[in-house]
Amino acid sequence: MRLCRFGDDKLGLVDGEFVLDVTQALDVLPACRWPFPAGDLFIRHLEQIRARIGAIRSTAVRFALADVCLHAPVANPTKIVGAPVNYHKHHAEAVANPAVFSAEHTRRIHEVGLFLKATSSLAGPAEGVRLREPKRRTDHEIELAVVIGRTADRISREQALAYVAGYAIGLDMTIRGSEERSMRKSADSYSVLGPWLVTADEILDPAALDIELYVNDEPRQKANTRDLIVGIAALIEWASAFYTLHPGDIIMTGTPDGVGPVKPGDVMVACINGVGRMTVPVSAA
Ligand code: MN
C-alpha cells in the first residue's frame, strides 16, 4: 500500500493518479491520554489500519493526486537517525572539496557513527524547504528513508528488515559549516519525508533502488541503494544497539554524490523507483 497524509491531516490511500480518503480507518486507533506511548500511533497500529482500509476503500471519496497537499506520512517519530557519508562517491566529493565540507565530513561512517536530527525538522513536500540561514550554503541530500514499524531494541541484521514498516523519500537538508551535524541538519523543514509511505511488502529489494534528484529540471544526484556502505539492515542493527527504535522512527540512509546548494525559488524533484516522486519547493524562511 501507498499511504499518505494529505490536506487537513487526512489519511490517503494512493491509487495511481488518485488518492482515496480513508481517514475513517484511523478510528481503530486507541484513545490516548498523557503520557502518550512512544512513537507514531498510526505506524504502531499500521496492520489494524490496513485491515480497516481494505474494508472501507470501495466507498472512499477520491481526489486527484495533483490537487492535494502532501504532508510527511509519519507525524510523531521519536528520532530521525542520519547516516553520514554512506556512499563512497559522496565521501570522495567531500574529500575533494575542503572549502565546502568540514574535516569531520572526510572521516568514515564506521568512525563517525550515526547522528540524530531534531524531529521538529520534519516536513512534507507540500510545506517545502524554508532556508533558515539564507546567507550560508544549504545543500540537498536525497536519501532512501526507512520507517521503523515496531519497537526494535538490539536487533540483529538478519532480523532487521522485519522491523521495517515501509519506505519513503527523504531529503536531509544540510547547512554546510563546522557545527555539529545535529545542529546544521535540524532547522525546521530540513527533514522532508514523502510523498507517501510505501509499505515494506511492496519493496522486494530495498538494496536495489535507483534514486535521483533534480533541481529546476537539472540532474544533480543519481545513484542506486546497492552502493550504500552500511546497508539498511546493518543500519537498523547499529542504531538499535545504541537506542530503542520506536514505531515511526525514521532512518535516513545517507546521500550519494552530487550534493549541491539550493536557493529560494528553486524546485527540487526527488525520485526513488518503487517508492515514488515528489516535488519540493525551496523558499526563504
Ligand atoms: Mn545525509
Side-chain angles (χ1 to χ4, degrees), residues 72 74 77 79-97 100-123 125 129 131-133 136-148 167-194 206-207 209 211-215 220-232 234-236 238-239 249-262 268 270-272 275 278 280 282:
V74 177
K79 288 180 285 302
I80 302 172
V81 180
V85 282
N86 203 16
Y87 287 85
H88 289 295
K89 285 183 182 171
H90 177 50
H91 181 262
E93 78 180 342
V95 170
N97 293 289
V100 172
F101 297 93
S102 64
E104 175 72 12
H105 216 117
T106 63
R107 294 171 63 206
R108 299 286 179 172
I109 184 169
H110 293 99
E111 303 168 51
V112 179
L114 307 177
F115 62 91
L116 295 175
K117 307 185 69 170
T119 54
S120 50
S121 65
L122 188 60
V129 169
L131 297 178
R132 194 84 171 194
E133 292 280 330
R136 296 178 60 180
R137 174 168 160 164
T138 301
D139 284 6
H140 53 75
E141 295 192 353
I142 184 175
E143 316 201 353
L144 176 68
V146 177
V147 176
I148 296 297
Y167 301 89
I169 305 173
L171 294 180
D172 173 21
M173 300 303 297
T174 303
I175 299 169
R176 296 296 168 205
S178 60
E179 302 98 328
E180 296 281 355
R181 282 187 175 85
S182 66
M183 187 176 194
R184 292 184 286 107
K185 293 168 172 281
S186 284
D188 293 3
S189 81
Y190 279 29
S191 298
V192 183
L193 189 75
L209 303 177
I211 76 179
E212 284 181 277
L213 182 127
Y214 300 80
V215 176
R220 291 275 188 92
Q221 295 187 268
K222 186 174 172 60
N224 187 285
T225 54
R226 76 171 70 89
D227 293 324
L228 284 166
I229 297 170
V230 180
I232 293 156
L235 287 169
I236 293 169
W238 198 9
D249 281 0
I250 297 159
I251 300 178
M252 292 207 176
T253 54
T255 199
D257 62 309
V259 301
V262 290
M268 298 181 284
C271 316
I272 299 185
V275 177
M278 67 178 180
V280 182
V282 180

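All residue numbers refer to positions in the sequence shown, counting from 1. Every number for a ligand or one of its atoms is a count from 1 in the order of the listing.
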### Message
Given 3.5 Å as the limit, does a donor-acceptor pair link the side chain of Ser186 with the main chain of Met183, or not?
### Response
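Flag not set: sc Ser186 to bb Met183 has no pair under 3.5 Å.
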Can you tell me how far apart [atom1] ([X]) and [atom2] ([Y]) are? Round to the nearest 0.5 Å.
| X | Y | atom1 | atom2 | answer |
| --- | --- | --- | --- | --- |
| Lys222 | Ile142 | NZ | CD1 | 11.0 Å |
| Arg220 | His140 | CZ | NE2 | 4.0 Å |
| Thr174 | Glu141 | OG1 | CD | 3.5 Å |
| Met268 | Met278 | CE | CE | 7.5 Å |

#### Entry: Sub-2.8 Å protein N, O or S atoms surrounding the Mn ion (ligand 1)
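Listed by chain and number, the atoms are Glu141 OE1, Glu143 OE2, Asp172 OD2.
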### Query
Relative to each other, are the rings of Phe101 and His90 parallel, tilted or perpendicular (30° and 60° limits)?
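Perpendicular.
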